[in-house]
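Just below is one structure, and these are the notes that go with it.
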Amino acid sequence: MVNFVEAQKPLLKRLMRMAGLRPVDVEIEPGTTMHIWVPKHHVSKKTGTIRPVVEHGGVDGDGEKAGAAKRKKSAAESRPNVVLVHGFAAEGIVTWQFNFGVLVSRYNLYIPDLLFFGKSATASADRSPELQARCVAAALARLGVARCDVVGFSYGGMVAFKLAETRPDLVRSLAVSGSVVAMTDAVNSATMTRLGATSSAELLMPETLKGLKQLLSISMYKKMWFPDRFYKDYLKAMFNNRKERMELLQGLITSNMDAKIPTFQQKIMLIWGEEDKIFDIELAKKMKEQLGDGCFLHGIPKAGHLLHVERPCAYNRQLQRFLSYVNSEEEAAGGGAN
């Protein structure tokens, strides 16, 4: 029997290709591979593999003279780079299916699958957000990306914050929704108590239709009805690698004693669903105060945790405004995004 959730993926992949994106597998180190959708100029037409990064002269992966190759690619490569980092419920192209289309004509988009999502995996025992951030940075380096703006949702927001903290040379700005800088014992305990869950694994890794229905109900402002067949297909399609993902959730939590708000050099935009029940708007306001003058908060009414799915037009407009603002500041300062 056809799994309707899986059946949409070939369509999404086709839309990605039509938008000029291509999937590649980047080996970070032996045993660790990150699957990522990248602009097509990174991929050889002949082999389908990643083109070597061309510096000065020489020959690129298709045997073209480097000078000619650079002239052909210059328009695309000069566009600002934007990295979209998904949350815990789905891989990259599923998470950002309503958002990538408005960005792809103006930006070079990179949509990775974090480790244990989609086709990304590692043999490492490390399950921390730091490892995810290091792997994203390594994949971007392999592709020759030296500077980028990072957009993170939920779990992906925590990875984005860690990436910005550890690699300020790479991350120019951050746009985050439904997330926190660090999941402390206190934040985790308060969130689970408020939602009536015993643990984040129980909430975010449901095994039953009832559990999945509860998760979607908590995640969305609008009460939406789906047939049970949809929920069954979603459980089968989206919640694989259960053991490893539960370990990722455990690896998120940090001690209250160890937690501190880093000093970020980047501009940060918090785009929030005003009805977010997981990380509510009051938490976002407090986080804005802690992050200082370089942080902005924009609330979207009638939207919950999945605001980029519930109200994609409102989310996309605010994201585009922020990216335009960051680019205008960069241009005024005489810098660049690549």
Side-chain angles (χ1 to χ4, degrees), residues 84-89 95 128-130 132-133 150-165 171 173-205 214-222 248-264 266-312 314-315 318-319 322:
L84 305 179
V85 190
H86 64 81
F88 209 81
T95 297
S128 67
E130 289 86 351
Q132 300 277 21
V150 181
V151 182
F153 163 66
S154 197
Y155 176 66
M158 299 178 210
V159 174
F161 274 124
K162 187 58 63 177
L163 184 60
E165 177 190 355
V171 179
S173 73
L174 278 180
V176 172
S177 59
S179 190
V180 289
V181 176
M183 179 64 86
T184 63
D185 292 325
V187 171
N188 181 66
S189 177
T191 302
M192 293 305 108
T193 299
R194 179 162 39 82
L195 297 176
T198 59
S199 68
S200 55
E202 177 195 349
L203 177 67
L204 298 174
M205 291 294 294
Q214 181 184 15
L215 175 59
L216 288 180
S217 175
I218 290 170
S219 299
M220 303 185 78
Y221 168 72
K222 300 172 185 175
L248 290 177
L249 290 173
Q250 294 170 0
L252 269 182
I253 301 174
T254 61
S255 166
N256 296 331
M257 298 290 292
D258 297 332
K260 63 178 181 178
I261 299 294
T263 300
F264 290 98
Q266 300 90 347
K267 296 290 185 185
I268 301 173
M269 170 57 74
L270 305 177
I271 309 176
W272 229 259
E274 292 184 359
E275 305 299 330
D276 192 328
K277 297 175 185 175
I278 297 178
F279 297 119
D280 61 34
I281 191 72
E282 295 305 316
L283 179 63
K285 291 176 181 177
K286 181 179 179 181
M287 189 161 56
K288 178 188 178 300
E289 291 178 4
Q290 293 173 328
L291 291 171
D293 294 338
C295 180
F296 311 95
L297 171 63
H298 179 83
I300 295 180
K302 297 183 180 180
H305 190 66
L306 292 171
L307 70 164
H308 61 292
V309 175
E310 278 193 286
R311 299 204 57 196
Y315 175 88
Q318 186 56 36
L319 178 58
F322 176 64

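FYI, side chains are in, hydrogens and waters are out, and symmetry mates aren't considered; it's all heavy atoms of this structure.
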Which atom names give the shortest non-hydrogen contact between [X] and [Y], and what distance separates them?
X: Gln290; Y: Ile261; answer: OE1-CD1, 3.8 Å
X: Leu297; Y: Ala284; answer: CD1-CB, 3.9 Å
X: Leu174; Y: Ala160; answer: CD2-O, 3.6 Å
X: Ala133; Y: Leu163; answer: O-CD1, 3.4 Å
X: Leu195; Y: Gln214; answer: O-NE2, 4.2 Å
X: Val181; Y: Phe161; answer: CA-CD1, 3.7 Å

For a 4.5 angstrom cut-off between non-hydrogen side-chain atoms, does [X] reach [Y]?
X: Ile271; Y: Phe322; answer: no
X: Asp276; Y: Ile281; answer: no
X: Leu319; Y: His308; answer: no
X: Phe264; Y: Glu165; answer: yes
X: Leu84; Y: Phe153; answer: no
X: His305; Y: Ile218; answer: no

(request) Could you go through the side-chain contact (heavy atoms from CB on, under 4.5 Å) check for Lys162 and Gln132 one step at a time? (result) CA-CA 9 Å; Lys162 187 58 63 177; Gln132 300 277 21; over 6 Å; no
Can you name the residues that form a side chain to side chain contact (heavy atoms under 4.5 Å, CB included) with [X], not counting sequence neighbours?
X: Ala89; result: Tyr234
X: Ser128; result: Asp126, Glu130, Leu131
X: Tyr221; result: Glu275, Lys302, Glu310

(message) Suppose we screen for side chain to side chain donor-acceptor pair (under 3.5 Å). Which residues come up paired with Ser200, at least two apart in sequence or across chains?
(response)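 With neighbours one apart ignored, the set is empty.
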(message) My understanding is that only residues two or more places apart in sequence, or in another chain, count here; which of them pass side chain to side chain donor-acceptor pair (under 3.5 Å) with Ser173?
(response)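 Ser173 satisfies side chain to side chain donor-acceptor pair (under 3.5 Å) with Asp149 only.
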(request) Taking only Lys NZ, Arg NE, NH1 and NH2, and the carboxylate oxygens of Asp or Glu, determine whether Lys286 and Glu289 approach each other closer than 4.0 Å. (result)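 No, this pair does not count.
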(message) I need the full list of side-chain hydrogen bond (donor to acceptor under 3.5 Å, both in side chains) pairs touching residues 188-198, with sequence neighbours left out, sorted by first then second residue.
(response)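 Applying side-chain hydrogen bond (donor to acceptor under 3.5 Å, both in side chains) to every pair that reaches into residues 188-198, excluding sequence neighbours, yields Thr198-Glu202.
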Working to the nearest 0.5 Å, report the span between [atom1] of [X] and [atom2] of [Y].
X: Leu252; Y: Phe88; atom1: CG; atom2: CZ; value: 7.0 Å
X: Thr263; Y: Leu291; atom1: OG1; atom2: CG; value: 9.5 Å
X: Thr184; Y: Ile253; atom1: OG1; atom2: CD1; value: 9.0 Å
X: Cys295; Y: Lys288; atom1: SG; atom2: NZ; value: 6.5 Å
X: Met220; Y: Lys277; atom1: CE; atom2: NZ; value: 11.0 Å
X: Leu270; Y: Gln318; atom1: CG; atom2: CD; value: 10.5 Å

(request) Walk me through it: do Tyr155 and Leu204 pass the test side-chain contact (heavy atoms from CB on, under 4.5 Å)? (result) CA-CA 11 Å; Tyr155 176 66; Leu204 298 174; over 6 Å; no
(request) For Trp272 and Phe279, indicate whether the former's side chain and the latter's backbone hold a donor-acceptor pair under 3.5 Å. (result)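 Such a contact is found between Trp272 side chain and Phe279 backbone.
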(message) Please check this pair: side chain of Gln266 against backbone of Ala164, looking for a donor-acceptor N/O pair closer than 3.5 Å.
(response)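 Yes: the side chain of Gln266 pairs with the backbone of Ala164.
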